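Scroll down for the structure; my scribbles are underneath it.
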Amino acid sequence: MIFFATTAYVLGHQGLGCLLPASQRVLKHLGTGTRSFCTGRSASAGPAFRRCSAHAPAAVGRACRLAPITYGFSASACASTAAGVSLSDVVAQVQSCVARSNTEAGVLSQLADCAVNRASELSPSQIRNLTVSFAQLGYFNTHFKRVMADTIVDKLHQFEPAELADTAWAFGEAQYYDYHLLSNLLPYLKHNIQRFDASGMAKMLWAFARFGYQDEALLELMHDIALKLQAHCNSKSLADVVYAVAQLGWADSRLHSLVAEYAMDNIQDFGAQSLAKLAYGLAAVGYDDDALYTAITQAATQQLDSMSPADVAMILWACGEQGHLCDRFMSAVADQYMPANLEAFTPQQLQTAVKAWNKLGFTCPNVAAAAVRLSELLPHMAPDFPGSTGAAAAAVQP
């Protein structure tokens, strides 16, 4: 309930005391717990924000307006292993659904049934393509997930690292927790760490972080991960790794020093989302480097037009956590970005932004306007299911 518990404070701080009675009524109605609906974490754990899959939102939003695709096989044919439908055709049809943004439940259910009924015949690459495609479409029924998890464990050592990393990402994106699968992924990662590239490691770590999976053996891998990253540095993968590590709540001095050094020398190579992940990932573990946060906010100011509200909220939160006041970035967000994108901010993102400005003592009319907007959204806000997405929803895309 951290969202509601802090709203009265942020409104009052911005000189909007007249709005407090309405906020108090909302708080009284909902109660004032100490944990966030969105993250299930304490107030200091990080910003509450949501970023959906790059593929799924448009697909889900347009589903009811799409004409169904005609397939050359029926549901009854799918149920039979002797129907003559090749698994390659099934995979191709699922990928076609992604390309067409087709999320029709009946079609996807038929395709999932085909895969489930012949799971033992699936190759690792086919499992990878199916799980990623279904995750991108937002379709991952319980029976499909359970059968795929068991099949992955059975065929684990047939997977190439890149295939397994993408498959792990799909399970994380689908929010399907399977302890047996995760506990088998860890030894594979440990024994094959040198075969993973930086992007693959980021996806594996993000999958563990998605479910809060903690294991001493995973923490022991940080030294090897740092060495691997040192040999294969690139801005996106570094940002993804440091973001996933932050979700696991780890602080590794060698890893974070490596990331900070690379970022200072190559900040121009970081895109908008990578800058946000970098800022959040470092701030979440308490990494203190004023020069680095200055470089991040300067680069973010230049890329502000291409940033999402989630990106902006993450960077503002990081600045607030580290006490870093960058007037140029703060002013650009308040005076330019916020007025043009205010309606696109979720209540959680607005709360994160206004609270960060308050922490840093930054006030202006547009910050007050954001607080007013926040008060308007409060009575209509439907809280997220605890732990359903949280900060880890900024998924590492395959």
Side-chain angles (χ1 to χ4, degrees), residues 53 55-56 71 73 75-98 103 105-193 195-196 200-201 203-211 213 215 217-218 395-398:
S53 162
H55 304 276
Y71 294 93
F73 53 92
S76 59
C78 286
S80 171
T81 58
V85 179
S86 75
L87 286 172
S88 296
D89 287 340
V90 174
V91 174
Q93 295 289 4
V94 176
Q95 292 178 319
S96 175
C97 286
V98 175
T103 59
V107 170
L108 298 181
S109 178
Q110 291 177 26
L111 293 168
D113 286 345
C114 284
V116 164
N117 291 330
R118 300 173 63 183
S120 63
E121 302 173 44
L122 290 168
S123 69
S125 64
Q126 289 172 329
I127 293 173
R128 179 265 176 206
N129 291 334
L130 285 169
T131 54
V132 167
S133 295
F134 277 123
Q136 290 172 338
L137 290 164
Y139 181 87
F140 229 63
N141 72 57
T142 302
H143 185 51
F144 174 80
K145 290 183 285 190
R146 184 171 61 250
V147 171
M148 286 301 109
D150 291 342
T151 305
I152 292 164
V153 173
D154 290 343
K155 300 187 176 189
L156 191 62
H157 295 289
Q158 298 178 30
F159 278 79
E160 291 297 320
E163 292 171 337
L164 194 61
D166 287 346
T167 304
W169 171 88
F171 273 76
E173 177 70 5
Q175 301 176 40
Y176 181 66
Y177 178 81
D178 187 285
Y179 177 81
H180 184 54
L181 174 61
L182 291 173
S183 61
N184 277 274
L185 290 180
L186 182 54
Y188 183 100
L189 177 62
K190 182 177 181 180
H191 294 141
N192 295 277
I193 190 70
R195 298 174 60 207
F196 279 86
M201 285 191 296
K203 293 169 190 173
M204 293 289 285
L205 289 174
W206 182 82
F208 288 116
R210 182 73 155 166
F211 303 112
Y213 184 89
D215 190 292
L218 189 55
V396 180
Q397 295 294 332

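Just so it is clear, the structure is predicted and the values come from calculations on it, not from any experiment.
Scanning for side chain to side chain contact (heavy atoms under 4.5 Å, CB included) contacts around Val91 gives Gln95, Gln126, Asn129, Leu130, with sequence neighbours left out. Partners of Tyr176 by ring pair (Phe, Tyr, Trp, His ring centres under 6.0 Å), not counting sequence neighbours, listed by chain and number: Phe171. For Arg146, there are no salt bridge (charged side-chain N to carboxylate O under 4.0 Å, His left out) partners, not counting sequence neighbours. In terms of the side chain to side chain donor-acceptor pair (under 3.5 Å) criterion, Asp150 has no residue partners (sequence neighbours excluded). Scored by the side chain to side chain donor-acceptor pair (under 3.5 Å) test, Glu160 finds Arg195 as partners (sequence neighbours excluded). Taking the side chain to side chain contact (heavy atoms under 4.5 Å, CB included) definition, one finds that Ala165 meets it with Phe196, Lys203, Met204, sequence neighbours left out. Residues that satisfy the side chain to side chain contact (heavy atoms under 4.5 Å, CB included) test with Asp154, not counting sequence neighbours, are absent from this structure. Remark: Ser125 pairs with Ser123 by the side chain to side chain donor-acceptor pair (under 3.5 Å) rule, at least two apart or across chains. Considering only residues two or more places apart in sequence or on other chains, Phe208 meets the side chain to side chain contact (heavy atoms under 4.5 Å, CB included) condition with Leu182, Leu185, Leu186, Leu189, Tyr213, Leu218, Leu248.
Across Ala170 and Ala135, no two heavy atoms sit closer than the pair O-CB, 3.7 Å.
No side-chain heavy atom of Arg128 sits under 4.5 Å from any side-chain heavy atom of Trp169. Residues Val132 and Glu173 fail the side-chain proximity criterion, which asks for heavy atoms closer than 4.5 Å.
Here the side chain of Thr167 pairs a donor or acceptor atom with the backbone of Glu163 at under 3.5 angstrom. Judged by distance alone, with hydrogens and angles left aside, the side-chain atoms of Lys145 form no donor-acceptor pair with the main-chain N or O of Asp178 at under 3.5 Å.
Judged as a ring pair (Phe, Tyr, Trp, His ring centres under 6.0 Å), the pairs with a partner in residues 109-135 (not counting sequence neighbours) are, in order, Phe134-Tyr139, Phe134-Phe144.
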> Under the side chain to side chain contact (heavy atoms under 4.5 Å, CB included) criterion, do Thr131 and Asp166 qualify, and how do the steps go?
Replying inline: CA-CA 9 Å; Thr131 54; Asp166 287 346; over 6 Å; no
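Rounding to the nearest 0.5 Å places OH of Tyr188 at 11.0 Å from CD1 of Ile193.
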